[in-house]
Asker: 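Once you've had a glance at the structure underneath, I'll fire off some questions.
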2 protein chains.
Amino acid sequence: MYGRIAPGEALTLRGIGKEFDVSMTPAREAVRRLVAEGALFLSNSGRVSTPELTSERLEELAALRALLEVELASRALPRAHMALIDRLTAINGNVADAVSRRDAVGYIQSNLEFHRTLYLRAQAPAMLAMAETVWLQLGPTMRALYGRLRKTEPPHYHRLIIAALRAGDEPGLRLAVRSDVTQGLRLLAR
Amino acid sequence: MYGRIAPGEALTLRGIGKEFDVSMTPAREAVRRLVAEGALFLSNSGRVSTPELTSERLEELAALRALLEVELASRALPRAHMALIDRLTAINGNVADAVSRRDAVGYIQSNLEFHRTLYLRAQAPAMLAMAETVWLQLGPTMRALYGRLRKTEPPHYHRLIIAALRAGDEPGLRLAVRSDVTQGLRLLAR
DNA sequence: ATTGCGGAAATGTGATCACATTTGATCAAT
DNA sequence: ATTGATCAAATGTGATCACATTTCCGCAAT
């Protein structure tokens, strides 16, 4: 999810088991779960690797993020009080730090923490779980995408999201979330 | 997915293994996958059962269906030619048959086949997979819901969907799909 | 009749094993 | 230098086992 593994990287059950000091059995179960969620790709011969997403698949996953996260933000809006907005602002500072440090994993992690913190307020666990499933599928590719970013831009749309929350502006919030979520993809789609 | 298992019904690894003539290992992997997809519930002690959905969870899953399936239908619309519409009409006949036979499983199965056939045209596999994940979570409960239906109603909204496809009417299609998908829930929400 | 308790049966977990398949490297032939 | 074949190493699969927990039933006490 956080892009620690590159797209297409292969994993083995015995390797995972050794890494976490368990036998093949728990490693197999974890892998099976991640395959079910689309986070790992299972080849015809049973080998597992992180997925290498086609641009069509990327477009789809971005559309899913937009659909799900706009709805989650909408549902969170009426419950978003000052404490939440303060917390989001603080997390946003971590995002900016990670960007200035050019720390890809840290950027992805704090960026997703920003979104998750907001969406938790929506009180919609099934919906949030689906959004996280999408994040899981995008993880390795997002990291690769970040490498292509030249400029160290601060999280512009996050500011818009926070402003819309403050103002109780639902249309503005929906637009800001949609923009934030599809922004990164535009760079890769080309 | 098709409501063959009642909500809250318990499953055991050894039981599944015996049923399909395999050992515990493949049964465990299948169960793990289904748990990851939310189709099965894993208790704190590791026992598995089909989920018993709260009404809040039901509302969420219905909202997810609406979000995902309206988008899928929209994407399928420009690619929906006469052959597809004919096929949908035929499947719709099966739905009506199942309703008149009061065959709950047959109804759910052919109903979902109707939707899947349409959405396959959207060429959006990740999105379709998410929709099917939701269906999987709703399966047992949908069956229980069907039991509460007194009247043997023909699939009204399916006709609207087909009409909108014929007319190339996107707003109409979106509304019809949304109505069809949330219709059943309204009965249970009360 | 209800509650509490004891113990046997059932269940999930993690480990290990044998086996079939796949992978990948080495070496020979062209 | 490139291709093809060969073979050893690596890998996933399904089965089985021992063990710790949990579940559940029956019985007794109140």
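Order of the sequence lines fixes the chain letters, A, B, ..., with proteins taken first and strands second; residue numbering starts at 1 for each chain. Not measured: the values here are computed from a predicted model.
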Asker: Whole Å only: how far is the CD atom of A:Glu29 from the P atom of D:dT13?
Answerer: 13 Å
Asker: Please output the side-chain donor-acceptor pairs of residues 27-34 of chain B that fall under 3.5 Å, not counting sequence neighbours, one pair per line with the distance.
Answerer:
from: B:Arg28; atom 1: NH1; to: A:Glu29; atom 2: OE2; distance (Å): 3.1
from: B:Glu29; atom 1: OE1; to: A:Arg32; atom 2: NE; distance (Å): 3.3
from: B:Glu29; atom 1: OE1; to: A:Arg32; atom 2: NH2; distance (Å): 2.8
from: B:Glu29; atom 1: OE2; to: A:Arg28; atom 2: NH1; distance (Å): 3.1
from: B:Arg32; atom 1: NE; to: A:Glu29; atom 2: OE1; distance (Å): 3.3
from: B:Arg32; atom 1: NH2; to: A:Glu29; atom 2: OE1; distance (Å): 2.7

Asker: Please report, rounded to the nearest Å, how far the P atom of D:dA10 is from the NZ atom of A:Lys18.
Answerer: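 Taking atom P of D:dA10 as the reference, NZ of A:Lys18 is at 10 Å.
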Asker: In whole Å, I'd like the distance from the CG atom of A:Leu11 to the C1' atom of C:dT22.
Answerer: 17 Å
Asker: Establish, with yes or no, whether the OP1 or OP2 oxygen of C:dG14 is under 4.0 angstrom from a side-chain nitrogen or oxygen of A:Thr25.
Answerer: no
Asker: Does the side chain of A:Asn111 come under 3.5 Å of the side chain of A:His158 through a donor N or O and an acceptor N or O?
Answerer: yes
Asker: Can you work out whether A:Val22 or B:Val48 has the more 5'-proximal nearest nucleotide on DNA chain C?
Answerer: B:Val48
Asker: Atom CZ of B:Arg32 and atom P of C:dG12: how far apart are they, to the nearest Å?
Answerer: 10 Å
Asker: Could you pull out all residues at least two apart from A:Arg101 that satisfy side-chain hydrogen bond (donor to acceptor under 3.5 Å, both in side chains)?
Answerer: A:Asp103
Asker: Could I get a table of every N or O pair under 3.5 Å where one atom is in the protein and the other is in nucleotides 18-23 of chain D?
Answerer:
from: D:dT22; atom 1: O3'; to: B:Ser45; atom 2: OG; distance (Å): 3.4
from: D:dT23; atom 1: OP1; to: B:Ser45; atom 2: OG; distance (Å): 3.1

Asker: How would you list, by chain and number, every residue that makes a salt bridge (charged side-chain N to carboxylate O under 4.0 Å, His left out) with B:Glu170, sequence neighbours excluded?
Answerer: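 Salt bridge (charged side-chain N to carboxylate O under 4.0 Å, His left out) check on B:Glu170 returns B:Arg174.
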Asker: Roughly how many Å is it from CG in B:Leu13 to P in C:dG14, rounded to a whole number?
Answerer: 12 Å
Asker: Could you check how far CD1 of B:Ile16 sits from P of C:dA10, rounded to whole Å?
Answerer: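 Answer to the nearest Å: 17 Å.
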Asker: Return the set of residues passing side chain to side chain contact (heavy atoms under 4.5 Å, CB included) with A:Ala73 (not counting sequence neighbours), or none when no residue passes.
Answerer: A:Leu118, A:Tyr119, A:Leu173, A:Val177
Asker: Should the side chain of B:Arg28 and the base of D:dG14 be counted as holding a donor-acceptor pair, with the cut-off at 3.5 Å?
Answerer: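 No pair found.
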Asker: Check side chain to side chain contact (heavy atoms under 4.5 Å, CB included) between A:Met24 and all other residues, then give those that pass, not counting sequence neighbours.
Answerer: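 For A:Met24, the residues satisfying side chain to side chain contact (heavy atoms under 4.5 Å, CB included) (neighbours in sequence not counted) are A:Leu13, A:Arg14.
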